[in-house]
Amino acid sequence: MNPAPFRTTIAGFGSDIVRTDRDNEYEAFSRVTHMLHQAQAAEGRQAEILAVDRNNQLWTILANDLALSGNRMPDELRAGLLSLAIFSLRHGHRVLIGEAEVDPLIDINQRIMKGLRGDVIL
């Protein structure tokens, strides 16, 4: 069978481009952060609740991975990211009950995305 007909996009199914774990993590943060941005402009709270829930899911997955004994990330970086995960989850719950805004969640996610891209964070 000829795989060429399946190559419909540059990075689509059947592509020769390989995505790294870092690429996948960036994509996940990008999607959730976009949802958070959209929720700020939406009427009502439904979009905000969905976006914050997805953000909480992402940070929960990340925290679970960071807590695994087989995680090879340096201890200091793991500890810092776990602290961010805890803050993001707590703040997310405060947003869900109407006690906080999503801006800090967006800011944290954008900083993580910059780090995943290798940008300097000051």
Side-chain angles (χ1 to χ4, degrees):
M1 178 159 84
N2 183 0
F6 295 108
R7 294 185 184 190
T8 57
T9 65
I10 292 173
F13 179 77
S15 172
D16 292 330
I17 297 174
V18 177
R19 292 181 58 96
T20 65
D21 289 341
R22 185 176 224 140
D23 294 333
N24 293 330
E25 290 166 355
Y26 183 91
E27 179 68 22
F29 274 101
S30 177
R31 286 178 188 232
V32 168
T33 305
H34 181 71
M35 288 178 71
L36 291 168
H37 273 295
Q38 286 184 318
Q40 287 182 311
E43 300 227 2
R45 296 218 46 226
Q46 185 174 358
E48 181 180 68
I49 290 168
L50 178 61
V52 172
D53 180 61
R54 291 286 162 82
N55 192 66
N56 286 351
Q57 289 177 30
L58 175 59
W59 278 103
T60 298
I61 291 167
L62 180 64
N64 285 332
D65 183 64
L66 290 166
L68 293 174
S69 61
N71 188 304
R72 296 178 298 184
M73 189 174 289
D75 289 343
E76 188 175 333
L77 182 56
R78 283 173 64 186
L81 288 171
L82 279 168
S83 292
L84 282 176
I86 291 166
F87 174 84
S88 292
L89 289 167
R90 285 183 181 160
H91 191 82
H93 291 292
R94 289 185 59 225
V95 172
L96 291 175
I97 62 173
E99 292 182 355
E101 300 295 324
V102 300
D103 293 325
L105 300 176
I106 292 171
D107 184 54
I108 289 169
N109 288 0
Q110 288 174 333
R111 288 175 183 267
I112 294 294
M113 290 164 59
K114 286 179 182 179
L116 289 168
R117 278 196 317 244
D119 293 351
V120 174
I121 302 173
L122 299 175

*What do the steps show when you test L96 against N56 for side-chain contact (heavy atoms from CB on, under 4.5 Å), and what is the final call?*
CA-CA 11 Å; L96 291 175; N56 286 351; 4.0 Å; yes
*asked:* Could you work out, with salt bridge (Lys or Arg N to Asp or Glu O under 4.0 Å) as the rule, every residue matching D107, not counting sequence neighbours?
replied: R111
*Identify, with sequence neighbours excluded, every residue that meets side chain to side chain donor-acceptor pair (under 3.5 Å) alongside D53.*
Q57
*Would you say the side chain of L62 lies within less than 4.5 Å of the side chain of L84, judging by non-hydrogen atoms?*
no
*Members besides M35 in its Ile/Leu/Val/Met/Phe/Trp/Tyr cluster (side-chain heavy atoms under 4.5 Å)*: L50
*Decide whether I86 and V32 are clustered together by the hydrophobic rule: side chain heavy atoms of Ile, Leu, Val, Met, Phe, Trp, Tyr closer than 4.5 Å, transitively.*
no
*Please identify each residue that fulfils salt bridge (Lys or Arg N to Asp or Glu O under 4.0 Å) with R117, with sequence neighbours left out.*
D119
*Give a yes or no answer on whether the side chain of N24 reaches the backbone of D21 with a donor-acceptor pair at less than 3.5 Å.*
no
Quiz: residues 74-81 side-chain donor-acceptor pairs under 3.5 angstrom, not counting sequence neighbours:
residue	atom	partner	partner atom	Å
R78	NE	L66	O	2.9
R78	NH1	N71	O	3.3
R78	NH2	L66	O	2.7
R78	NH2	L68	O	3.2

*Would you list the pairs meeting ring-ring contact (aromatic ring centres under 6.0 Å, His included) in which at least one residue belongs to residues 85-113, sequence neighbours left out?*
F87-H91
*Output all residues satisfying side chain to side chain donor-acceptor pair (under 3.5 Å) with S83, sequence neighbours left out; order by chain, then residue number.*
none
*Mind checking the CD1-CD1 spacing from I97 to I49? Nearest 0.5 Å is all I need.*
12.0 Å
_To check you understand the geometry: which heavy-atom pair defines the closest contact between S88 and L105, and what is its length?_
O-CD2, 3.6 Å
*side-chain contact (heavy atoms from CB on, under 4.5 Å) against A85, all qualifying residues, sequence neighbours excluded*: W59, A63
*In one Ile/Leu/Val/Met/Phe/Trp/Tyr side-chain cluster, 4.5 Å: I61, I108*: no
*asked:* I need the full list of side-chain hydrogen bond (donor to acceptor under 3.5 Å, both in side chains) pairs touching residues 28-45, with sequence neighbours left out, sorted by first then second residue.
replied: E27-R31, T33-N109, H34-Q38, H37-Q110, Q40-D103, R45-E48
*asked:* Restricting to side-chain contact (heavy atoms from CB on, under 4.5 Å), what partner residues turn up for A47, sequence neighbours left out?
replied: A39, A42
_Any residue meeting ring pair (Phe, Tyr, Trp, His ring centres under 6.0 Å) with Y26, in chain and number order, not counting sequence neighbours_ = none
